[in-house]
Amino acid sequence: MNRPFRQFLQRTVEFPLLQRLGLREEGQDILEVGCGSGYGAVLLARLHPHGYVGIDLMPEQIALAQNRKLTNAEFLVRDAADLHCCWDGSKDVVVIFGVLHHIPAWREVITEIHRVLKPGGKLFVEEPDGRYVGTFDRFFHWGHPPAGLFRLKDFETYLSGHGFKIHRRVRTLGFGLYALEKV
Ligand SMILES: C[S@@+](CC[C@H](N)C(=O)[O-])C[C@H]1O[C@@H](n2cnc3c(N)ncnc32)[C@H](O)[C@@H]1O
């Protein structure tokens with residue numbers, strides 16, 4: 001996740017696609033879930049957020065992110081299923097670059113994100129379809145948790161039934177990128 005090719009993809013494909021879906025507004029309070037080594041924070045800094053918080057389960061990733069010395073950015077070791085670092089209704093935007101399929105309790109993460117977003121707040125998320133991840137796992141033994149390998153159509157149904165409206169989406173090459181609004 002800290003490799004140059006991963007960052008290349010994030011910079012040239014994922015972030016521009018999320019921008020096309022509406023991740024463009026400046027001056028927002030942003031939470032990034034599963035921020036890894038903080039490259040997403042570097043990209044999101046282009047939006048001049050009012051505040052940025054990145055959380056990740058792995059202390060070594062958070063240490064790498066903190067070493068970037070970004071101004072106006074805070075990085076915390078946290079489990080995404082328990083976002084007690086954030087008040088109810090405190091965030092304008094939540095961003096996820098390919099994280100939920102690593103988390104068996106991804107539904108709880110969605111509940112927490114819904115809680116911390118302001119009314120009308122936006123969730124921008126990129127995730128692969130679990131069918132393809134599962135197929136690759138059989139050959140490469142990447143070890144994703146089976147409970148995280150959701151199909152994108154089931155993911156969409158879940159979000160729609162749990163307080164989110166899908167505004168825009170792109171489905172391509174087994175990946176889904178979404179702009180959602182808290183309703
Ligand atoms: C594939 S990496 C993606 C990292 C970064 N978003 C990127 O696109 O490069 C998945 C990240 O999710 C984090 N993660 C996994 N389970 C988590 C959890 N329960 N809570 C928070 N972060 C978690 C991992 O530590 C890892 O940094």
Side-chain angles (χ1 to χ4, degrees), residues 1-21 23 30-47 49 52-68 70 73-86 91 93-117 122-137 139-150 152 155 158 170 172-180:
M1 70 192 98
N2 194 26
R3 298 193 183 123
F5 183 63
R6 168 80 200 109
Q7 298 186 357
F8 171 79
L9 279 182
Q10 212 173 345
R11 182 176 68 250
T12 60
V13 181
E14 295 167 31
F15 186 63
L17 279 175
L18 290 183
Q19 287 192 292
R20 271 177 50 190
L21 293 180
L23 181 57
I30 299 180
L31 169 69
E32 185 184 358
V33 171
C35 62
S37 64
Y39 192 64
V42 171
L43 299 171
L44 291 164
R46 296 177 186 175
L47 303 180
Y52 167 96
V53 177
I55 65 108
D56 200 282
L57 196 57
M58 294 175 72
E60 55 272 42
Q61 292 298 314
I62 289 297
L64 289 170
Q66 286 167 339
N67 276 343
R68 293 184 186 276
L70 296 173
E74 186 181 11
F75 296 98
L76 304 170
V77 179
R78 290 286 185 281
D79 186 334
D82 178 7
L83 298 174
H84 65 268
C85 52
C86 305
K91 300 295 172 193
V93 171
V94 176
V95 181
I96 306 179
F97 291 102
V99 174
L100 294 175
H101 65 289
H102 290 271
I103 305 180
W106 62 270
R107 293 176 185 82
E108 291 170 33
V109 181
I110 298 296
T111 303
E112 277 291 82
I113 289 171
H114 191 271
R115 179 182 67 74
V116 306
L117 276 171
K122 302 280 177 14
L123 168 61
F124 293 92
V125 55
E126 175 260 322
E127 289 293 333
D129 193 303
R131 264 183 313 176
Y132 304 114
V133 180
T135 304
F136 280 102
D137 267 351
F139 290 103
F140 298 111
H141 307 292
W142 286 333
H144 292 92
L149 299 186
F150 45 79
L152 288 177
F155 183 55
Y158 187 83
V170 175
T172 181
L173 299 172
F175 285 83
L177 296 99
Y178 299 94
L180 302 130

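Each ligand, and each atom within it, is numbered from 1 in the order the structure gives.
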Tell me whether the NZ or CZ atom of Arg11 lies within the 45° cone about the ring axis of Tyr39 and under 6.0 Å from its centre.
no
Within less than 4.0 angstrom of ligand 1, does Gln7 place any heavy atom?
no
Under 4.0 Å from any heavy atom of Arg78, which atoms of ligand 1 are there?
20 (N), 21 (C)
With a 4.0 Å cut-off on heavy atoms, is Gly98 touching ligand 1?
yes
With a 4.0 Å heavy-atom cut-off (strictly under), which part of Glu14 contacts ligand 1: side chain, backbone, both or neither?
neither
Pair Glu32 + Lys91, salt bridge at N-O below 4.0 Å:
no
Answer whether the closest heavy-atom distance between the side chains of Ile110 and Phe155 falls below 4.5 Å.
yes
For Gly174, is there any backbone N or O sitting under 3.5 Å from a side-chain donor or acceptor partner on Asp129?
no
Are any of the side-chain heavy atoms of Tyr52 and Val95 separated by less than 4.5 Å?
no
Less than 6.0 angstrom separating the ring centers of Phe97 and Phe124, yes or no?
no
Atoms in ligand 1 flagged as close to His102, the criterion being non-hydrogen separation under 4.0 Å:
1 (C), 10 (C)
Any idea how Phe150 and Trp106 line up, ring-wise: parallel (<30°), tilted (30 to 60°), or perpendicular (>60°)?
tilted
Ligand-side contact atoms (ligand 1) for residue partner Asp79, heavy atom cut-off under 4.0 Å
18 (C), 19 (N), 20 (N)
Decide whether an N or O pair under 3.5 Å exists between Ile103 and ligand 1.
no
Where does Leu57 meet ligand 1, judged by heavy-atom distances below 4.0 Å: at the side chain, the backbone, both, or neither?
both
Mind checking whether Ala80 has an N or O less than 3.5 Å away from an N or O of ligand 1?
yes
Rounded to the nearest 0.5 angstrom, the CG-CG distance for Asp56 and Asp79 is 10.0 Å
For Met58, the ligand 1 atoms whose distance to one of its heavy atoms is below 4.0 Å:
25 (O)
Please identify which atoms of ligand 1 are closer than 4.0 Å to at least one heavy atom of Gly36.
27 (O)
Heavy-atom nearest option to atom 9 (O) of ligand 1, drawn from Glu126, Arg6, Glu32, His144:
Arg6
